[in-house]
Amino acid sequence: MPYHRRMSSFPHDSVRAIHWIGDGLRLLDQRRLPDETRFLSATSVDDVTGAIRDMTVRGAPAIGIAAAYGVVLAARARIAADERTWKQAIEEDLRGLEGARPTAINLRWAIGRMRGAIGRAEGIDAWRDLLAEARAIHEEDIAANRRMGELGAALLATPSNVLTHCNAGSLATGGYGTALGVIRCGYGRGAVRQVYADETRPWLQGSRLTAWELLQDRIPVRLIADGAASYAMQQGKVDWVIVGADRVAANGDVANKIGTYSLALSARHHGVGFMVVAPTSTIDLATARGDQIPIESRAPDEILALCSRRIAAGGADAWNPVFDVTPADLIDVLVTERGVARRPTPADVAALAAP
Ligand code: MRU
């Protein structure tokens, strides 16, 4: 299936990576971007768990949405196998999904919401009620991103130069994006002049995904090596660093793609604004502080090789933590769909997370 452009009434908003079509889930295979835009069919919960683990689908909200649809696939199969015991049997599938990646809290948040829907669902067609819940999670995420886009863009003095890290865009969410939602909205209003994107070694979410996504939507982007970010700030080229989040702890500490903490330190040193854009589904009040957030480590090969070619000296070892934690006091503004907190305190985080 070729890349599917879904028209949106919002400008600069054509990319969608997750589709429920007919009876099944289609995921844009992000491992192949930007060379190929190929969708994979996920027809079972194991397909979805595998797609999250191997990063066919990635980005905190997108992982949660894919998992919600994975629960639908699991329910359909479990109901067909035994209509009386499916609610017990599906627990094994939910645990498998929850364990696919550890850091993004949206995964557990979405499965928690689907557990509530499982509790309420009845009869042989119960999976259809779960599909309605998964669709609601998906649509609410896009609506939250659009709201955050407005709120974040309103904070930019016109015209601003912004730097973003990893991919916190349509590819990482249900659509529109968190950090890239602010950039989309700001660019449309003339509040964003220049977008810099870090390459984001080792998986290159910046050069492969963010650059592809912005160019699909006719937003010019200039790539820089991760190590060039501080120099760009020192040279006065950056007004705001704008990033997403994989988890916001109760005290406001933020886990995000490795390298985010360095950007926050550098931004504070150079007087550059540091904005975190995350829906309230990314807030985890059960985790008091950032140092309690589980940080995923991935295979050393992601460091030792580049595009499947070994680049490290033979015998070299590698350490590959893929997230880090930025302390709350380095965050100038936290943008959620429920509002904005400047220099967020635990009380601000609790108020934003309250339903
Ligand atoms: O390892 P990834 O690509 O799943 O990591 C994604 C990020 O760190 C994003 O910045 C984060 O999920 C925010 S996405 C809206």
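Since the structure is predicted, the reported quantities are computational estimates derived from the model, not experimental observations. In each ligand, atom 1 is the first atom listed, and ligand 1 is the first ligand listed.
If you check the side chains of S297 and N320, you find no donor sitting under 3.5 Å from an acceptor.
Residues in residues 154-189 take part in these ring-ring contact (aromatic ring centres under 6.0 Å, His included) pairs, two or more places apart or across chains: F10-Y176, H12-Y187.
Under a 3.5 Å cut-off, the side chain of H138 and the backbone N or O of A134 do not form any donor-acceptor pair.
Checked against side chain to side chain donor-acceptor pair (under 3.5 Å), D141 has the following partners two or more places apart in sequence or in another chain: N145.
Enumerated by chain and number, the residues approaching ligand 1 to less than 4.0 Å through a heavy atom are M55, R58, G59, A60, P61, R101, C166, N167, A168, A172, T173, T178, Q205, G244, A245, D246, N256, K257, F323.
Counting side-chain heavy-atom gaps under 4.5 Å among Ile, Leu, Val, Met, Phe, Trp and Tyr, the cluster of L306 also holds L204, I311.
Both tests do not hold together for R26 against W20: distance to the six-membered ring centre under 6.0 Å, angle to the ring axis within 45°.
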